[in-house]
**Q** 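Before I ask anything, let me first share the structure, which is written out below as structure tokens.
These numbers were taken from a predicted model, which means no experiment stands behind them.
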Amino acid sequence: MIRSLFINLTLVLTSIVASVFAIEWCIRALIPQYDPSGHVEFITKQDGLVIAKERGNLRQIKNTGDYNVEI
């Protein structure tokens, strides 16, 4: 009884984790505007200061008006 419960729990958790990774990958591949990589790139100088890679002033805006910030 305990063994079958452990096996079932392991299968459920494994399938949930695999599904989350698959959904994340599919969203990034099929809808690239939701892929956060490369939207704002930063570099770290030798003294530890983090600065924007291309420009010093960037703006992150969501069309629904949830946020509008300057980076």
**Q** Ignoring hydrogens and angles, write down the donor-acceptor pairs under 3.5 Å from the side chains of residues 1-11, residues two or more places apart or on other chains.
**A**
unit_1: Ser4; atom_1: OG; unit_2: Met1; atom_2: O; d: 2.9
unit_1: Asn8; atom_1: ND2; unit_2: Ser4; atom_2: O; d: 3.3
unit_1: Thr10; atom_1: OG1; unit_2: Phe6; atom_2: O; d: 2.8

**Q** Other than Phe21, which residues form its hydrophobic cluster under the rule that side-chain heavy atoms must be closer than 4.5 Å?
**A** Val17
**Q** According to a hydrophobic-cluster definition based on side-chain heavy atoms being under 4.5 Å apart (Ile, Leu, Val, Met, Phe, Trp, Tyr only), do Ile27 and Trp25 belong together?
**A** no
